[in-house]
Q: 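If you scroll down you'll find the structure; I have some questions about it.
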Protein chains: 2
Amino acid sequence: MTEATRRERLRAETEREIRQAARALLVERGRDAVTLRAIARELGITAPALYRYYDSHEALLRQLCDDICADMATELYASLAADTSGQVGCQVRAVCRSFRRWALAHPQEFALVFASPRDPLGADQFGSVFLSLAGRLIASNLVANHADDEVPEVLHEDLVRFQQVLMDAVSVHGVTIENDVLNLGKIYHVVQSWVRLYGHVALEVFGRFPFAVSNPEPMFDSMLDQMLTDIGFQETPDSSGG
Amino acid sequence: MTEATRRERLRAETEREIRQAARALLVERGRDAVTLRAIARELGITAPALYRYYDSHEALLRQLCDDICADMATELYASLAADTSGQVGCQVRAVCRSFRRWALAHPQEFALVFASPRDPLGADQFGSVFLSLAGRLIASNLVANHADDEVPEVLHEDLVRFQQVLMDAVSVHGVTIENDVLNLGKIYHVVQSWVRLYGHVALEVFGRFPFAVSNPEPMFDSMLDQMLTDIGFQETPDSSGG
DNA sequence: GAACTCTTGTAAACACCGTTCACTGAAACC
DNA sequence: GGTTTCAGTGAACGGTGTTTACAAGAGTTC
């Protein structure tokens with residue numbers, strides 16, 4: 001079973017500790033505190049030893065981003081699994097609320113992953129839960145049919161590309177969608193929903209609303225309701241008839 | 001006229017050069033390059049001399065934020081002044097487009113000011129142009145009357161506070177608004193517009209759309225149209241009948 | 001104009017940072 | 001047992017923010 005040699009086991013363990021220490025430093029003392037020397041100090045080794053595991057400080061930060069994305073995805077999936085209603089609308093609400101809660105609880109991680117002018121993000125981890133959920137939402141046929149010609153033609157090319165991304169994301173979970181169900185109008189509304197979800201969460205995390213918000217949660221819920229309404233979602237939010 | 005003594009003039013000049021050097025470093029080489037020693041090197045002085053002007057590196061960064069906000073506000077006001085249509089709808093579009101253009105042209109500045117988990121921003125500079133424009137938009141009576149009871153009651157307290165902020169922002173420009181014109185429904189929609197504007201711009205600057213967008217500009221314009229429609233704006237976008 | 005204070009700069013030092021390099025010693029392999 | 005592989009060390013280099021003691025010019029007072 002344990003094909004791993006002693007040395008390999010130790011190496012894996014050390015790498016785990018490095019990631020853990022880096023994460024703790026980010027959470028507790030901010031991005032600038034994630035320092036090779038601080039990590040090494042935490043492990044009781046010297047800084048150059050870390051170069052046996054990562055090419056550079058930057059590479060380590062990239063790994064940290066991936067870890068954060070993976071953890072966030074796990075949390076979002078958990079909140080999805082915890083929803084027993086079977087109603088897509090409830091699932092969408094659950095995941096969006098979970099995203100907001102995660103971002104507020106992990107502002108440093110959120111800033112690093114979602115608000116850095118860096119490389120376009122190893123999105124493999126990040127998007128999958130959103131994408132598959134968005135795909136399922138659309139496939140559920142509970143979304144109103146938005147005519148394609150509502151969407152400006154210049155956007156078609158990009159939206160078709162996103163359509164493919166969505167279909168790939170869903171097909172990973174064994175579901176296939178007919179092309180005509182996933183029309184451009186719906187896809188456009190999914191993008192607009194992401195704009196609003198991200199916008200609200202980022203503004204709240206960074207405190208950039210134009211006034212002091214004492215009750216952000218109901219404001220978020222209200223935005224969520226409006227979002228689902230605008231997307232043409234036809235499920236009754238509170239009834240259990242499904 | 002020049003009450004300033006020679007020493008005061010020199011000091012002011014040096015401070016100007018410090019800010020200028022800091023700004024150039026941020027733009028050309030990123031946040032982490034804005035270093036006391038690098039700034040000093042640029043001015044041909046030594047790093048400790050900067051402590052005669054700023055208490056710390058962090059204080060200098062704060063000043064930098066303020067400068068950025070002021071410059072951005074200048075640019076937004078310029079684009080507002082450049083609009084000769086006299087139509088509020090065109091002005092809103094002009095300012096929103098200007099905000100997007102500025103953010104894309106100054107990603108480092110945008111990240112520093114709008115996407116840092118820091119203190120709540122010396123918003124004096126930042127918001128004023130948005131706020132006064134939002135106030136005027138509402139006061140123009142071109143926005144549909146949204147009934148107050150559309151807005152969940154838990155939000156009323158916060159929105160009333162924002163109402164006051166808006167009225168203050170507009171009154172600085174010598175305009176006063178009757179209380180009933182600036183109703184909570186409208187105010188709520190202004191907040192939602194900021195969510196969408198900020199969301200789109202930040203996603204574009206940080207490259208966090210869930211797919212590669214080759215044509216972001218028409219997507220932004222489309223979002224802007226939708227935003228103005230949702231806010232109940234009743235001015236025809238292209239006619240000049242006013 | 002001399003004596004004085006205030007201000008703006010300096011150089012040296014401290015502790016920290018990322019990174020490189022020559023090295024050691026133990027694990028793994030043949 | 002001899003050899004190779006490799007995680008770790010210590011010293012070093014140039015960079016950072018910050019503090020300290022000190023110099024020298026600007027402005028002020030007599």
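Chain letters run A, B, ... following the sequence lines, proteins first, then strands; residues in each count from 1. As the structure is a computational prediction, the values presented were derived from the model and not from experiment.
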Q: For A:Glu13, is there an ion pair with A:Arg16 - N to carboxylate O distance below 4.0 angstrom?
A: yes
Q: Using atom CZ of B:Arg9 as one end and atom P of C:dT7 as the other, report the distance to the nearest whole Å.
A: 17 Å
Q: Not counting sequence neighbours, which residues clear side chain to side chain contact (heavy atoms under 4.5 Å, CB included) with B:Val165? List them please.
A: A:Phe211, B:Leu131, B:Phe162
Q: Tell me which nucleotide among D:dT18, C:dG18, D:dA7 gets nearest to the side chain of A:Arg11.
A: D:dA7
Q: Starting at atom OH of A:Tyr51, determine the distance to atom P of C:dA22, rounded to an integer number of angstrom.
A: 16 Å
Q: Between B:Arg19 and B:Asp66, does any side-chain N to carboxylate O distance fall below 4.0 Å?
A: no
Q: Rounded to the nearest Å, what distance is computed from the CD atom of residue B:Glu15 to the P atom of nucleotide C:dG9?
A: 11 Å
Q: Between B:Glu109 and B:Arg23, does any NZ, NE, NH1 or NH2 come within less than 4.0 Å of an OD or OE carboxylate oxygen?
A: yes
Q: CG of A:Asp32 versus P of C:dA15: gap in Å, rounded?
A: 22 Å
Q: A:Leu60 has an atom CG; how far is it from atom C1' of C:dC17, in whole Å?
A: 14 Å
Q: Once you round it to whole Å, what is the distance between P of C:dC17 and CD of A:Glu58?
A: 19 Å
Q: Taking the six-membered ring for Trp, are A:Trp102 and A:His106 parallel (under 30°), tilted (30 to 60°) or perpendicular (over 60°)?
A: parallel
Q: What is the distance, rounded to the nearest whole Å, between atom CG of B:Leu50 and atom C1' of C:dA11?
A: 15 Å
Q: Could you work out, with side chain to side chain contact (heavy atoms under 4.5 Å, CB included) as the rule, every residue matching B:Glu42, not counting sequence neighbours?
A: B:Ala21
Q: Going 5' to 3' through nucleotides 8-15 of chain D, assign each nucleotide B (protein heavy atom under 4.0 Å from a base atom), S (under 4.0 Å only from sugar-phosphate atoms) or - (no protein heavy atom that close).
A: BBBBB--S
Q: In this structure, how many angstroms lie between the P atom of C:dC16 and the CG atom of A:Leu25, rounded?
A: 14 Å
